[in-house]
Amino acid sequence: MVKKSYSLNFGNPLLIRILFIVSFLLLSVQVFAHGDLSIRIEKKTLEIKKDPNNFNLYFQRGLLYQQHTEYKKSLIDYKKSKTLGNKKNALEYRIAEVNYLSEEYNEALKAITTYLKKEKLNTKAKKLEAQILFHLKAYKKSVKAYKYVVDNLQDIRPENILEYAKIILAENNKNYKDALQVIEVGLDKLGANTLSLQLKKLDYLKESNQTEKVINQYNYFIIEYNRKEFWYYKKAKYLASLHQHQQAYIAIQLASINIEKLDAKLKKMSSTIKLKQQIKTLENAINN
């Protein structure tokens with residue numbers, strides 16, 4: 001499968017205008033959303049005044065405060081709800097979540113531990129547990145918790161895989177074997193052309209000095225992506241760093257050949273002009 005590559009000319013007045021309008025609309029939506037939450041909080045507060053012993057109302061307002069990123073007020077309402085008799089396990093999860101967002105990791109761990117006693121197989125809660133443990137530097141426990149998430153989460157995403165690999169390396173900063181294995185699991189689950197995972201794979205191969213695999217990874221990008229000149233240059237730069245000057249020179253020439261294959265519009269783009277300069281600089285460095 002060949003990937004299409006698109007570039008934007010940020011000097012184009014029409015594009016600038018479109019981006020401004022889109023940014024304004026997104027900001028308006030955000031402001032409206034927070035304004036709507038404020039109105040809902042006020043309404044919920046009136047309901048509480050009429051029925052001050054209703055733990056459901058405090059829980060509901062606590063959730064609204066949480067969505068409004070007012071975590072202290074949210075936690076006060078959650079605790080009030082608990083005091084009034086709310087024994088629902090969902091409350092413990094929310095208390096854990098708010099404490100985590102407030103960077104009160106010990107309190108967050110207490111709450112999520114309580115939650116997991118009743119719902120020990122909940123992947124969302126296990127992920128939160130793993131994140132809390134990570135911030136508490138309990139890396140071994142965090143790795144164990146996140147392994148369950150990766151093994152059992154139905155709608156797994158690239159960021160889950162990347163976070164798990166990060167935790168593995170936090171536990172042992174030389175354990176690239178397991179980190180790369182997790183990346184491969186992600187590629188199996190999400191598809192071989194998941195860009196963020198392939199890029200992280202390249203990083204880990206470099207960091208663990210797996211030279212031949214790094215070169216193969218560059219070859220993967222060259223084969224799979226249309227803008228091959230960029231990846232030939234990256235490969236050449238890496239080969240030059242290894243003092244493999246002959247192979248680097250070949251990659252440089254291939255980068256230049258692929259630039260010449262571009263249409264006139266792409267050749268005039270600032271990114272292409274900059275790349276040509278970088279290629280020339282690298283070629284001079286190799287020849288000197």
Side-chain angles (χ1 to χ4, degrees), residues 1-10 150 153 155-166 168-169 174-287:
M1 180 179 176
V2 178
K3 300 291 182 186
K4 292 184 178 180
S5 180
Y6 298 93
S7 299
L8 296 176
N9 181 7
F10 289 98
V150 170
L153 192 63
D155 59 338
I156 196 161
R157 298 178 181 181
E159 51 265 35
N160 300 135
I161 299 297
L162 295 173
E163 188 171 30
Y164 184 27
K166 176 184 175 182
I168 287 171
L169 288 172
K174 297 186 184 300
N175 191 10
Y176 287 102
K177 179 182 177 182
D178 286 352
L180 282 163
Q181 188 176 359
V182 167
I183 297 296
E184 292 298 339
V185 168
L187 291 169
D188 286 341
K189 288 176 177 284
L190 295 165
N193 291 324
T194 305
L195 180 58
S196 60
L197 298 186
Q198 291 288 3
L199 288 171
K200 184 55 67 175
K201 180 179 177 180
L202 177 62
D203 289 342
Y204 287 166
L205 289 171
K206 281 184 177 180
E207 290 165 15
S208 55
N209 298 314
Q210 299 187 54
T211 305
E212 290 303 317
K213 290 184 178 180
V214 171
I215 294 170
N216 288 337
Q217 189 67 3
Y218 277 123
N219 290 338
Y220 158 80
F221 286 116
I222 290 167
I223 291 168
E224 291 295 329
Y225 289 82
N226 279 343
R227 298 301 296 271
K228 300 180 189 301
E229 66 280 0
F230 171 81
W231 290 108
Y232 272 123
Y233 166 71
K234 288 287 187 181
K235 181 182 177 181
K237 192 175 179 181
Y238 178 71
L239 289 166
S241 74
L242 300 174
H243 304 290
Q244 296 184 21
H245 292 161
Q246 184 176 358
Q247 295 301 317
Y249 184 76
I250 292 170
I252 284 173
Q253 297 308 307
L254 289 168
S256 297
I257 289 169
N258 277 274
I259 287 175
E260 291 306 313
K261 290 180 180 179
L262 297 174
D263 61 40
K265 185 177 179 181
L266 288 175
K267 284 181 183 178
K268 292 178 181 178
M269 290 184 64
S270 59
S271 58
T272 305
I273 294 169
K274 181 180 178 181
L275 179 58
K276 287 179 73 174
Q277 293 170 344
Q278 290 173 322
I279 289 170
K280 188 64 177 177
T281 300
L282 181 59
E283 185 176 7
N284 290 337
I286 290 172
N287 290 330

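Atoms considered below: every heavy atom in the structure, side chains included; atoms not considered: hydrogens, waters and symmetry mates.
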Between CD1 of Ile183 and OH of Tyr176, what distance do you get to the nearest 0.5 Å? 12.0 Å
Establish, from distance only, whether the side-chain atoms of Tyr225 and Asn193 form a donor-acceptor pair under 3.5 Å. no
Report, as yes or no, whether the 6.0 Å neighbourhood of atom NZ on Lys166 holds more than 12 heavy atoms from other residues, nucleotides or ligands. no
Mind running side-chain contact (heavy atoms from CB on, under 4.5 Å) on Tyr249 and Gln246 for me, showing each step along the way? CA-CA 5 Å; Tyr249 184 76; Gln246 184 176 358; 5.8 Å; no
Just how far is it from atom CD of Gln247 to atom NE2 of His243, taken to the nearest 0.5 Å? 15.5 Å
Residues at least two apart in sequence or cross-chain that pass ring pair (Phe, Tyr, Trp, His ring centres under 6.0 Å) with Tyr218, listed by chain then number, are Tyr238
Calculate, to the nearest 0.5 Å, the distance between atoms CG and OH belonging to Asn258 and Tyr233 respectively. 15.5 Å
Go through the steps to decide whether Ile257 and Tyr232 satisfy the test side-chain contact (heavy atoms from CB on, under 4.5 Å), and finish with yes or no. CA-CA 10 Å; Ile257 289 169; Tyr232 272 123; over 6 Å; no
The residue among Lys235, Gln198, Gln210, Lys206 that forms side-chain hydrogen bond (donor to acceptor under 3.5 Å, both in side chains) with Gln217 is Gln198
Under 3.5 Å donor-acceptor pairs involving side-chain atoms of residues 274-282, not counting sequence neighbours:
residue	atom	partner	partner atom	Å
Thr281	OG1	Gln277	O	2.9

Could you tell me the separation between the OH atom of Tyr204 and the CG atom of Asn175, rounded to the nearest 0.5 Å? 10.5 Å
Please report the interatomic distance CG(Asn160) to NZ(Lys189), rounded to the nearest 0.5 Å. 10.5 Å
Could you measure the distance from the CD atom of Glu212 to the CG atom of Leu205? Nearest 0.5 Å is fine. 11.5 Å
Run the side-chain contact (heavy atoms from CB on, under 4.5 Å) check on Arg227 and Leu266 step by step: do they pass? CA-CA 10 Å; Arg227 298 301 296 271; Leu266 288 175; 3.9 Å; yes
